[in-house]
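None of these values were measured; they are calculated from a predicted model.
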Amino acid sequence: TTTDSAAPVTVSGITTATAISAGLTHTCALLADGTVQCWGINTVTNSPTPVTVIGVSTGTAIAIGDHHSCALLASGGVQCWGDNEYGQLGDGTTTLSMAPVAVLGINSATAIAAGGSDTCALLANSTVKCWGYNLKGQLGDGTTTSSSTPVTVSGITDAMDVAVGHGAHSCVLLHSRHVQCWGDNSGKQAGRPWSYTFALTVTGTPGVAWSSGTPSVASINGSGLATA
């Protein structure tokens, strides 16, 4: 249906999901067989029930932006689809795609994260590459120029996880258990009282996990737990 619900309702036909991710007006589920199904607002035809994403059969993780979606593949490659106004699909164009396209130059990704109109991938060598919208420096390459192909985040060589806010900032968790962030800092979400277009270390107690959202990055307490 398209009826609002103040209580949880079961998503039709999803019985083997292993991960889920939600965008502004659509949701996707990664299934146990490596395929992906999505539902919600779509460019051509909206769907209130899950539909299978064509061409994705070996997915291991998914990340959803405002109006684009991405899947990490077992090969270490990444495929994205949907809105591409700022190059957030990473295929070297700014052309919308209703089918998954390969992100150029990414073949060793171990994790992915998507923001409003930008996407990042953690690579096997512990570096991070990002692509898409960059008005606030959220790609981390020291510029504010958007990129339709992945660019390397400056100074990150020891990352173990990546998170991208749906505003305009990004963060990584390092093997040292410290956190570095970059991009928009209007709400001090980069952990400093000004904005950065490159990664900086967030001061405080080292942690083991965290979650980033809008408008601020969660804190990590002395037990290593993320708190609002």
First locate atom [atom1] of [X], then atom [atom2] of [Y], and finally report the distance between them rounded to the nearest 0.5 Å.
{"X": "M98", "Y": "D83", "atom1": "CE", "atom2": "CG", "value": "12.5 Å"}
{"X": "D158", "Y": "L174", "atom1": "CG", "atom2": "CG", "value": "5.5 Å"}
{"X": "K136", "Y": "D118", "atom1": "NZ", "atom2": "CG", "value": "13.5 Å"}
{"X": "E85", "Y": "D66", "atom1": "CD", "atom2": "CG", "value": "11.5 Å"}
{"X": "I62", "Y": "C80", "atom1": "CD1", "atom2": "SG", "value": "12.0 Å"}
{"X": "L89", "Y": "T149", "atom1": "CG", "atom2": "OG1", "value": "12.5 Å"}

Please name the pair of heavy atoms, one in [X] and one in [Y], separated by the smallest distance, quoted to 0.1 Å.
{"X": "T94", "Y": "G87", "value": "CG2-N, 4.0 Å"}
{"X": "A109", "Y": "A121", "value": "CB-CB, 4.2 Å"}
{"X": "Q79", "Y": "A102", "value": "CG-CA, 4.3 Å"}
{"X": "G137", "Y": "T144", "value": "N-CG2, 4.0 Å"}
{"X": "I14", "Y": "A17", "value": "CG2-CB, 3.7 Å"}
{"X": "Y86", "Y": "S117", "value": "CD1-CB, 3.8 Å"}

Counting heavy atoms not belonging to I20, are there more than 12 under 6.0 Å from its CD1?
no
Is any side-chain heavy atom of [Y] closer than 4.5 Å to one of [X]?
{"X": "V151", "Y": "T145", "result": "no"}
{"X": "Q138", "Y": "V164", "result": "no"}
{"X": "T152", "Y": "K129", "result": "yes"}
{"X": "V172", "Y": "W182", "result": "yes"}
{"X": "T60", "Y": "T18", "result": "no"}
{"X": "S147", "Y": "L139", "result": "yes"}
{"X": "S146", "Y": "L135", "result": "no"}
{"X": "L123", "Y": "I106", "result": "yes"}

Any donor and acceptor pair, going by atom type alone, linking the side chain of [X] with main-chain N or O of [Y] inside 3.5 Å?
{"X": "T27", "Y": "A22", "result": "no"}
{"X": "S12", "Y": "T49", "result": "no"}
{"X": "N134", "Y": "T143", "result": "yes"}

No-hydrogen, no-angle side-chain donor-acceptor test under 3.5 Å, T93 and N84
yes
Just distance, no hydrogens or angles: give the donor-acceptor pairs under 3.5 Å from side chains in residues 67-76, sequence neighbours left out.
from: H68; atom 1: NE2; to: T119; atom 2: OG1; distance (Å): 2.8
from: S69; atom 1: OG; to: H26; atom 2: NE2; distance (Å): 2.8
from: S75; atom 1: OG; to: G77; atom 2: N; distance (Å): 3.3

Can you list everything that forms a side chain to side chain donor-acceptor pair (under 3.5 Å) with T127? Sequence neighbours excluded, please.
N125
Verify the cluster assignment for L104 and V78: are they in a single hydrophobic cluster under the rule of side-chain heavy atoms below 4.5 Å apart?
no
Group every Ile, Leu, Val, Met, Phe, Trp and Tyr by side-chain heavy-atom contacts under 4.5 Å, then state whether L122 and I112 land in the same group.
no
